[in-house]
Amino acid sequence: MRRLFPHPYLSLTLVILWFLLVNQWKLGSLVMAIILATIIPLLTTTWWPNRPRVKRPFGLAAYSILVLWDVIVANFQVARIVLFMPRDRIRSAWITVPLDLQSPEAISLLAGTITMTPGTLTSDMSACGRALLVHALHAPDPDSVRNDIKTRYEARLKRIFE
């Protein structure tokens with residue numbers, strides 16, 4: 001079974017995404033989802049020499065729900081900032097976020113989470129891979145933004161991946 005589905009989480013994710021894309025629950029859609037969920041991981045397995053280690057898959061699901069909630073809340077916050085805050089009161093900032101994460105997958109997920117959340121953007125990673133450069137649309141207290149990222153996202157990812 002492991003040879004047919006070398007990355008079972010990827011296969012499951014592909015099936016779910018396929019049903020979300022086609023938006024219909026028919027037998028043909030299920031067959032196509034299973035074909036894609038089998039072929040894509042098999043074709044890409046050579047580029048995944050080491051399988052990402054997820055110690056807590058249910059923690060990853062909870063993390064996804066947290067990020068979804070944060071994206072929704074941040075949309076309203078950014079809309080409030082852009083529509084109602086005078087331009088001279090907006091305090092944009094570049095923030096360096098030191099990383100405690102070791103797993104490349106966890107670091108990528110953290111950078112993607114920061115970028116997906118409206119009002120923040122991961123723009124660079126240090127050459128040593130130990131820090132992210134983040135731009136925040138409105139950060140009157142950059143240390144608070146850094147601490148939020150580290151406690152809200154990085155700490156959870158560390159529990160999930162390491």
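This structure is a prediction, so every number in the text was calculated from the model and none was measured. Heavy-atom basis, side chains included; hydrogens, waters and symmetry copies ignored.
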Heavy-atom donor-acceptor pair, [X] side chain to [Y] backbone, under 3.5 Å:
| X | Y | answer |
| --- | --- | --- |
| Glu162 | Gln102 | yes |
| His138 | Arg91 | yes |
| Arg159 | Glu154 | no |
| Ser126 | Ala131 | yes |
| Lys158 | Ala106 | no |
| Thr115 | Leu121 | no |

Original post:
Do you know the tightest heavy-atom contact between Thr117 and Ala74?
Top reply: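 Heavy atoms only, the tightest pair is CG2-CB, 3.7 Å.
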
Original post:
Considering all heavy atoms of both residues, which atom of Arg156 and which atom of Thr151 are nearest to each other, and what is their separation?
Top reply: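 Heavy atoms of Arg156 and Thr151 come nearest at NH1-O, 3.9 Å.
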
If hydrophobic clusters are built by linking Ile, Leu, Val, Met, Phe, Trp and Tyr wherever their side-chain heavy atoms come under 4.5 Å apart, do [X] and [Y] end up in the same one?
| X | Y | result |
| --- | --- | --- |
| Leu157 | Val71 | yes |
| Phe161 | Met125 | yes |
| Ile149 | Ile95 | yes |
| Leu17 | Leu12 | yes |
| Met116 | Val78 | no |

When you compare the side chain of [Y] with that of [X], does any pair of heavy atoms fall below 4.5 Å?
| X | Y | value |
| --- | --- | --- |
| Met32 | Leu36 | yes |
| Tyr153 | Leu109 | no |
| Arg146 | Pro98 | yes |

Subject >> Neighbour count >12 (heavy atoms, 6.0 Å) for atom CZ, Arg56 >> reply: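 Open: at most 12 neighbouring heavy atoms sit under 6.0 Å from CZ of Arg56.
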
Could you grab the distance from atom [atom1] of [X] to atom [atom2] of [Y], nearest 0.5 Å is fine?
| X | Y | atom1 | atom2 | value |
| --- | --- | --- | --- | --- |
| Ile114 | Asp148 | CD1 | CG | 11.0 Å |
| Leu101 | Leu132 | CG | CG | 9.0 Å |
| Ile16 | Leu20 | CD1 | CG | 7.5 Å |

Original post:
Between Trp25 and Phe19, what is the ring plane arrangement, given parallel below 30°, perpendicular above 60°, and tilted in between?
Top reply: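 Trp25 and Phe19: parallel rings.
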
Subject >> Where at least one partner belongs to residues 69-81, residue pairs that pass salt bridge (Lys or Arg N to Asp or Glu O under 4.0 Å), sequence neighbours excluded >> reply: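 Checked against salt bridge (Lys or Arg N to Asp or Glu O under 4.0 Å) - neighbours excluded - the pairs reaching residues 69-81 are Asp70-Arg152.
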
